[in-house]
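Here is the structure we will look at, set down as structure tokens.
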Amino acid sequence: MANKTLIIDKRMRDVEKLKLKEMGYELIELKTIQDVYEEISSHVDIFACKVGEQIIIEPTQYENISKYNTKLICGAEKLKGNYPEDIKYNACIIGKKAIHSLDYTDSILKQQLINKGYELINTSQGYTNCSIAVIDDNSAIVTDKGLYKILTFHGIDTLYVNKKLDIKLLKGNNYSNKRGFIGGCISKVSNKIIVFGDLNKIDENGKIRKFIKNKQKEIVEFKGLDVIDYGGLIEI
């Protein structure tokens, strides 16, 4: 495969897949796995976590995509249906910091973090990577006040958005009644920030856009489209 590759949710809209391909990326699509609830059944941040240049993948998904890349490492634990059995790979990596509910982190993922010298930061929020939109190695956007306090305490420049955002989750061919997370609809790829939809739909006052631009990041968005949480994406 090409050197530039992204792991994505197979349910991503065609217009978004096309844009990523136009940016020069090959796409590896995660299959839906029935062991977790439908909305997150092929979310990248549920099944995979990137540590340095390596990606730790949940065993079932690893079987599906391991042939595509040698940087993939099979995790120890398969995911199960309900929280906290579905958060084992949902650690958020910001620079050399790893934020997660560490009692539930997959053992191979945790060992990789330790081996590579990451600072481990514990939080009660298990869906950590879902809940944090990472902008660069020392900045992020959250809607969770507890995470805001933790990140700022550890010196991470963090924008707190104090409102419920209209972020969609997919269920079948429709939207779910559940609300999506900001970390799953905004992803960093190289020097760009990808928004899966029209940023204006979740950023009425422009604070998110201003914060991202102040970090010298180019925003790639999809004007007019609803914002969808796909569990982000991972660049290989």
Side-chain angles (χ1 to χ4, degrees), residues 6-17 20 27-50 55-65 75 77-92 99-101 104-106 109 123-134 140-144 146-147 161 163-188 194-199 201-203 208 221-222 225-234:
L6 296 173
I7 301 174
I8 68 166
D9 184 330
K10 65 174 290 188
R11 300 171 297 175
M12 186 179 284
R13 290 170 291 208
D14 288 342
V15 65
E16 292 159 327
K17 291 179 182 179
L20 295 174
L27 304 180
I28 298 175
E29 300 184 12
L30 290 188
K31 296 181 179 180
T32 54
I33 301 297
Q34 304 306 316
D35 296 330
V36 298
Y37 65 89
E38 185 174 355
E39 286 88 342
I40 63 170
S41 59
S42 49
H43 273 197
V44 179
D45 57 18
I46 291 295
F47 291 97
C49 183
K50 186 174 183 179
I55 297 103
I56 294 82
I57 304 274
E58 187 269 348
T60 305
Q61 293 288 9
Y62 179 82
E63 292 173 11
N64 294 331
I65 68 172
E77 300 165 66
K78 290 188 176 182
L79 299 184
K80 298 175 184 177
N82 297 314
Y83 184 92
E85 298 301 317
D86 59 354
I87 64 168
K88 297 180 183 296
Y89 301 88
N90 201 239
C92 180
I99 305 100
H100 199 217
S101 185
Y104 303 104
T105 310
D106 174 75
L109 170 55
T123 173
S124 59
Q125 168 58 273
Y127 291 119
T128 319
N129 204 19
C130 298
S131 303
I132 301 172
V134 178
I141 304 170
V142 299
T143 59
D144 182 305
L147 284 176
V161 181
K163 64 181 297 186
K164 291 183 177 180
L165 304 180
D166 187 19
I167 301 170
K168 311 293 188 184
L169 281 170
L170 298 175
K171 187 173 185 180
N173 295 320
N174 301 302
Y175 292 140
S176 169
N177 291 327
K178 297 177 180 177
R179 192 182 298 270
F181 289 91
I182 193 166
C185 69
I186 295 176
S187 281
K188 177 170 68 72
I194 312 292
V195 181
F196 301 118
D198 188 336
L199 181 55
K201 288 181 177 274
I202 61 169
D203 188 33
I208 296 175
E221 60 185 311
F222 299 86
L225 295 186
D226 289 333
V227 176
I228 296 179
D229 174 358
Y230 297 119
L233 43 74
I234 290 178

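FYI, the numbering just counts along the sequence from 1.
Counting only distance, with no hydrogens or angles, the side chain of S187 and the backbone of L233 share a donor-acceptor pair below 3.5 Å. K164 places no side-chain N or O within 3.5 Å of a backbone atom of R179 that could act as its donor or acceptor partner. In this structure, the side chain of H100 engages the main chain of I87 through a donor-acceptor pair within 3.5 Å. With hydrogens and angles disregarded, a donor-acceptor distance shorter than 3.5 Å links the side chain of Q61 to the backbone of K31. Side-chain atoms of D86 do not come within 3.5 Å of backbone N or O of V36 as any donor-acceptor pair.
To the nearest 0.5 Å, the span separating CD1 on I28 from CD1 on I55 amounts to 8.5 Å. Taking CG of D229 as the start and SG of C185 as the end, the distance is 6.5 Å to the nearest 0.5 Å. Expressed to the nearest 0.5 Å, how far CD1 of I228 lies from CD of E16 amounts to 6.0 Å. Annotation: the span from L79 atom CG to Y89 atom OH amounts to 6.0 Å, rounded to 0.5 Å. We find the CG-OG1 distance between D144 and T128 to be 9.0 Å, quoted to the nearest 0.5 Å. In this structure, CG on L170 lies 8.0 Å from OG on S42, to the nearest 0.5 angstrom.
Here E77 pairs with K88 in a salt bridge; the nearest charged N to carboxylate O distance falls below 4.0 Å. A salt bridge links D166 with K168: the closest approach of a Lys/Arg side-chain nitrogen to an acidic carboxylate oxygen falls below 4.0 angstrom. The pair R11-E29 does not meet the salt-bridge criterion, since no charged nitrogen lies less than 4.0 angstrom from a carboxylate oxygen.
Shortest non-hydrogen contact noted between A91 and C49 is O-SG, 3.7 Å. Considering every non-hydrogen atom in both E221 and L199, the closest pair reads OE1-N, 2.9 Å. Heavy-atom minimum distance, S176 versus E39: OG-OE2, 2.6 Å. The two residues E38 and K171 make their nearest non-hydrogen contact at OE1-CG, 3.5 Å. The shortest non-hydrogen separation linking D106 to G75 is OD2-CA, 3.7 Å. Nearest heavy-atom pair, I208 versus I202, reported as atom, atom and distance to 0.1 Å: CD1-O, 3.8 Å.
Residues L30 and N64 are not in side-chain contact: their nearest non-hydrogen atoms beyond the backbone lie 4.5 Å or more apart. For the pair V161 and I141, the minimum side-chain heavy-atom distance is below 4.5 Å. Looking at L169 and Y175, their side chains never come closer than 4.5 Å, going by heavy atoms from C-beta outward. Side chains of I7 and L27 form no contact here, defined as non-hydrogen atoms less than 4.5 Å apart. Between C130 and I46, the closest side-chain pair of non-hydrogen atoms falls below 4.5 Å.
The aromatic ring centres of Y230 and F196 sit less than 6.0 Å apart. Aromatic ring centres of Y83 and Y127: separated by under 6.0 Å.
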Test side chain to side chain contact (heavy atoms under 4.5 Å, CB included) applied to I132 and L147, step by step: CA-CA 8 Å; I132 301 172; L147 284 176; 3.9 Å; yes
So D198 and F222, side chain to side chain contact (heavy atoms under 4.5 Å, CB included) or not? Walk me through it. CA-CA 5 Å; D198 188 336; F222 299 86; over 6 Å; no
Please report the C-alpha distance between D226 and K201 in whole Å, then the side-chain angles of each, then the deciding distance to 0.1 Å, and finally whether the salt bridge (charged side-chain N to carboxylate O under 4.0 Å, His left out) criterion is met. CA-CA 7 Å; D226 289 333; K201 288 181 177 274; 3.6 Å; yes
Test I186 against I194 for side chain to side chain contact (heavy atoms under 4.5 Å, CB included), laying out the working first. CA-CA 6 Å; I186 295 176; I194 312 292; over 6 Å; no
One pair to check against side chain to side chain contact (heavy atoms under 4.5 Å, CB included): I8 and L20. What are the steps and the verdict? CA-CA 10 Å; I8 68 166; L20 295 174; 4.3 Å; yes
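Atom OH of Y37 is surrounded by more than 12 heavy atoms from other residues, nucleotides or ligands within 6.0 Å.
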